[in-house]
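Accompanying notes for the structure given below.
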2 protein chains.
Amino acid sequence: MLAKAGGELTLASSIHDLARHLNISIGTVSRALNGRADVNADTRQRVLAAAKQLNYSPNQSGRSLRQGATRSIAFMLQPHPGDQQYGEPFFIPFLTGLQARLAEYDLDLMVVMGEPGQYQQERLRRVVETRRADAVVLANTRRKDDRIDYLSKAGFPFATLGRSQSGGDTYPSLDIDFERAGDEAVDRLVARGHRRIAAIRPSHDLNFGYLFLDGYRKALKRHGIEVDPGLIADGFINEAGGYQVTPRVMLSKDPPTAIIFNNDAMALGGCKALAEMGIRPGHDIAVIVIVDTPLCRYFSPALTAFRPSLEPMGRRLAEMLLASLPAFAGPEGTRIIREVWPLELIARDSD
Amino acid sequence: MLAKAGGELTLASSIHDLARHLNISIGTVSRALNGRADVNADTRQRVLAAAKQLNYSPNQSGRSLRQGATRSIAFMLQPHPGDQQYGEPFFIPFLTGLQARLAEYDLDLMVVMGEPGQYQQERLRRVVETRRADAVVLANTRRKDDRIDYLSKAGFPFATLGRSQSGGDTYPSLDIDFERAGDEAVDRLVARGHRRIAAIRPSHDLNFGYLFLDGYRKALKRHGIEVDPGLIADGFINEAGGYQVTPRVMLSKDPPTAIIFNNDAMALGGCKALAEMGIRPGHDIAVIVIVDTPLCRYFSPALTAFRPSLEPMGRRLAEMLLASLPAFAGPEGTRIIREVWPLELIARDSD
DNA sequence: TGTGTTCTCGTAAACGTTTACGGGAAAACG
DNA sequence: CGTTTTCCCGTAAACGTTTACGAGAACACA
């Protein structure tokens, strides 16, 4: 306790109080509470009853120290630099799912955010070295990710939301199928008669930008359309980035009739640029967004987009992480699971 | 540690290792590291150097147990029931600020969410009773809030984002000035010639709904406009709620020429209902939203709204909480600070 | 009755810290 | 030189658990 609010704090009863109250040793009390076999059934009942009566709950610090496990998982979220008035709506439902599943295992969730753009490595090291968490969940994975290198070198358990080229196949990861989304987006546009299709994605070495582009290229090839480098651009992963980079693509000698944006904020900025050029999405040009957010739905025109199931993804990643921890999955069950989830196309008015 | 990843785990060096390496007692090492006065300057240097060399960081579980403080703060966020595809964009920036300031004090942030609509009390009790956190931050405060009653009765330190009628003035709280926003919204509308102004707010005993209404009523009174109960309605705090309740107000004998929505999601649903009735916000009716989100900006027409500074609010609430904790503010500095922050009006196209 | 087994429990160590206490050596002072 | 003070450090207890170990009692079995 940091504060002893004027003495009115209800004393936290310890296992010693319980033992004294029952005229029993603390060892027996602990065994009774933890459901061990070598305790008399009657004794166990008495202990349980007394625990309820005295409102006893085991002190987590004591347990952590003795067992060498904190029973908490750290979630590292690095906000992208840029306009942070509201941040990414992406993560609340993901966190909800992650947290819900962890709670079922009596695990706490610690959130470490770091300043936008700041080097997150120190924060991560602190968590690992001071043993503040038993495992880590990484978000915003980059193609080459220092955090992954560090964790796998240290042998510290972790899982990632998103893929990376770092660290090999030694950790669980869950990602969206950006290749397939890119592929399907092209498919859809081609079926509607487009052949000049632009792709706008974030720079920053964010891995999903590359994955998306792979799918985009693959689909073009399948349809016998040559990839035009002039139709591919990347920019800062926010509205300003989309606003800045979209005109560059539109002003090429042979402009596109469709644009796939790999990020909702960039799409919004792009549409603003288009509007200023007198180009109307849904009329003069087709626009598809790869990861849907509520903004896509309420924008005018409503943007066709691919939607993830964030909350189930959060729950699933928790399961995958737990399955890789011997303490939960059993010694033999230390399985590294990697999954890639499809997106659902939400057809709206922009394409 | 839960997992010992194949033995490659870098051994966490303890203070004993450090002491042995230096031929010094652990007491001295601890004192040196913690900057106590009674340690020779030369010894301190040697300890610090060795700590860096052996990559030593104190084990947090050990510290927590000994000091009776976990150095972590729990943030309790209860999602509103309803459409949870994306949750509330409100909280990410708030969390960012809260977390950033806490990190400066070497405090961790634990996030406890609870299922939407689920009774959050048990989760809270668990945190308190097992001493998993040193203090709690509550969000989504209700007019009468069980959690506040419980915490103040237990003498457990906490602060709230949002006001409540529970618990008296014994805890720090930070809230948005909903009264003033309601007042200003009416002011603005009256200045533009409106006299039939509706107010739509959430039910659920959420406190801010009442505060908003106070400001609304006060402003009407000031302008000599009688409050018409037929123009006041409440509904579920989501899009469906707004969609459902708005027609009820519009179909009254003497319909409003303006509506103030006390929640962005409800406003969106309300606008949908209006559209279906052939009523265009910004043309046929004026619409103002009390708490701005990105959705208001991108909606068509863009919605005039009052915007909070969420990230500074997060930082500020962390400061306020810390100031109320003797361990941080010093024994005399146990001050209970309560603040109410104004909103900034963002004029757009809907009014 | 003697021996082995089972059941139940108490004892004590251990996890990694911090800190109260005391003591020895050096320094200061008379 | 004796006494007091200061400086620095080691010792050990304490935080609240869990758990390895062993021991006593009850019981079974021959």
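Letters go in sequence order (proteins before strands), and every chain restarts at 1. It should be emphasised that the depicted structure is a prediction, and the values quoted were computed from it without experimental measurement. Both backbone and side-chain heavy atoms feed into the values below; hydrogens, waters and symmetry mates do not.
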For the side chain of Thr28(A), starting at C-beta, report the closest nucleotide among dT18(D), dC9(C), dT17(D). dC9(C)

Euclidean distance, atom CG of residue Asp38(B) to atom P of dT18(C) [Å, nearest integer]: 14 Å

Arg44(A) CZ to dT8(C) C1', in whole Å, measures 11 Å

Arg36(B) CZ to dT17(C) P, in whole Å, measures 15 Å

Look at all strands and tell whether Ile26(A) reaches a base, only sugar-phosphate, or nothing, counting heavy atoms closer than 4.0 Å. base

Would you mind classifying the nucleic acid contact of Asn59(A) as base, sugar-phosphate or nothing, using non-hydrogen atoms under 4.0 angstrom? sugar-phosphate

Taking atom types as they are modelled, would you say the side chain of Arg63(B) forms a donor-acceptor pair with the base of dT17(C) within the 3.5 Å cutoff? no

What contact category does Thr130(B) fall into here, base, sugar-phosphate, or nothing, at under 4.0 angstrom with non-hydrogen atoms? nothing

To the nearest Å, how far apart are Tyr56(B) OH and dG16(C) P? 10 Å

Minimal heavy-atom distance between Val39(A) and Arg36(A), with the atoms involved, is CG1-O, 3.2 Å

Is the closest side-chain heavy-atom distance between Ser30(A) and Ile15(A) below 4.5 Å? yes

Measure from CD on Gln60(A) to C1' on dC15(D) and round the result to the nearest Å. 14 Å

Interatomic distance where CG belongs to Leu65(A) and C1' belongs to dC15(C) [whole Å]: 4 Å

Please check the phosphate of dT18(D) (OP1 and OP2 only) for any side-chain N or O of Ser30(A) closer than 4.0 Å. yes

Does OP1 or OP2 of dC9(D) have a side-chain N or O of Thr43(B) closer than 4.0 Å? yes

Would you tell me if any nitrogen or oxygen in the side chain of Ser25(A) comes within less than 4.0 Å of OP1 or OP2 on dC9(C)? no

DNA chain D nearest-nucleotide lookup for Gly27(B) and Gly62(B): closer to the 5′ end is Gly27(B)

Taking the side chain as every heavy atom from C-beta outward, state whether Asp134(B) and Phe328(B) have any atom pair closer than 4.5 Å. no

May I ask you to decide if the ring planes of Phe75(B) and Phe94(B) are parallel, tilted or perpendicular, using 30° and 60° as cut-offs? tilted

Salt bridge present between Asp149(B) and Lys144(B) (N-O < 4.0 angstrom): yes

Atom CG of Leu33(B) to atom P of dG16(C): distance rounded to whole Å? 16 Å

Ignoring backbone atoms, test whether Ser61(B) places a side-chain nitrogen or oxygen under 4.0 Å from the OP1 or OP2 oxygen of dG16(C). no

Does a side-chain N or O from Arg66(B) land closer than 4.0 Å to OP1 or OP2 of dT19(C), or not? no

Check every atom of dG10(D), dT17(C), dT17(D) against the side chain of Ile15(A) and return the nucleotide holding the closest atom. dT17(D)

Please confirm whether the shortest side-chain N or O distance from Asn34(B) to OP1 or OP2 of dT18(C) is below 4.0 Å. yes

May I ask you to say what Ser14(B) touches in the nucleic acid, namely base, sugar-phosphate or nothing, with a heavy-atom cut-off under 4.0 Å? sugar-phosphate

Arg131(A) CZ - dC15(C) C1' separation (whole Å): 13 Å

Does a side-chain N-to-carboxylate-O contact under 4.0 Å join Glu122(A) and Arg126(A)? no

